[in-house]
Amino acid sequence: MEWYWWVLIIFWTGGFGWLADNVRTALRNRHSRRMELLEAGRQERLAVEAANKPPEPVCGCTHHLAKHDKQGKCHERVEVPTAWDEQKKPVRFESGQCNCQQYVGPQPLSQVYAEELTDLA
């Protein structure tokens, strides 16, 4: 018999079912691994971008320092809770003024001077 008859006999008896299952499983595993690699690459790219950004001037109230005036008063509107339930969780909110005060402590040094360490003995 020719070889193609053997292929047809195996095909008619369902011999290629295991092959189809194995190929399907392999493709599914390859796809999931590929998605994990793409997600890891995206997370790495976001981390590198975040590391290269200069720090944002943010107050302790998490608002940008541009929202504060010269005296340090914050002018951002926030949601203030007005009613609570029995577990002391806020139920109702109203718009209100942020009542934080901008940090007014000492400014960090912009440059530090240190003499070189040399052996001049």
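The first residue in the sequence is number 1, and the count goes up from there. Basis for what follows: all heavy atoms, side chains included, without hydrogens, waters or symmetry-related copies.
For the pair H31 and R28, the minimum side-chain heavy-atom distance is 4.5 Å or more. Side-chain contact between V80 and V78 is present, with heavy atoms from C-beta onward closer than 4.5 Å. Contact annotation: the side chain of N29 approaches that of R33 to within less than 4.5 Å [non-hydrogen atoms, C-beta and beyond]. Annotation: side chain of K67 is in contact with side chain of E76 (closest heavy-atom distance under 4.5 Å).
Distance CG/L38 to CZ/R34: 4.5 Å, rounded to 0.5 Å. Between atom CD of residue E39 and atom CD of residue E36 there is a gap of 10.0 Å, rounded to the nearest 0.5 Å.
Tracing side-chain contacts under 4.5 Å through hydrophobic residues (I, L, V, M, F, W, Y), one reaches W3 starting from W5; they form part of the same cluster.
Residue E49 places its CD atom among more than 12 non-hydrogen atoms of other residues, nucleotides or ligands, all under 6.0 Å distant.
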May I have the list of side-chain donor-acceptor pairs in residues 87-99 shorter than 3.5 Å, sequence neighbours left out?
residue	atom	partner	partner atom	Å
Q97	OE1	R77	NH1	3.4
Q97	NE2	C74	O	2.7

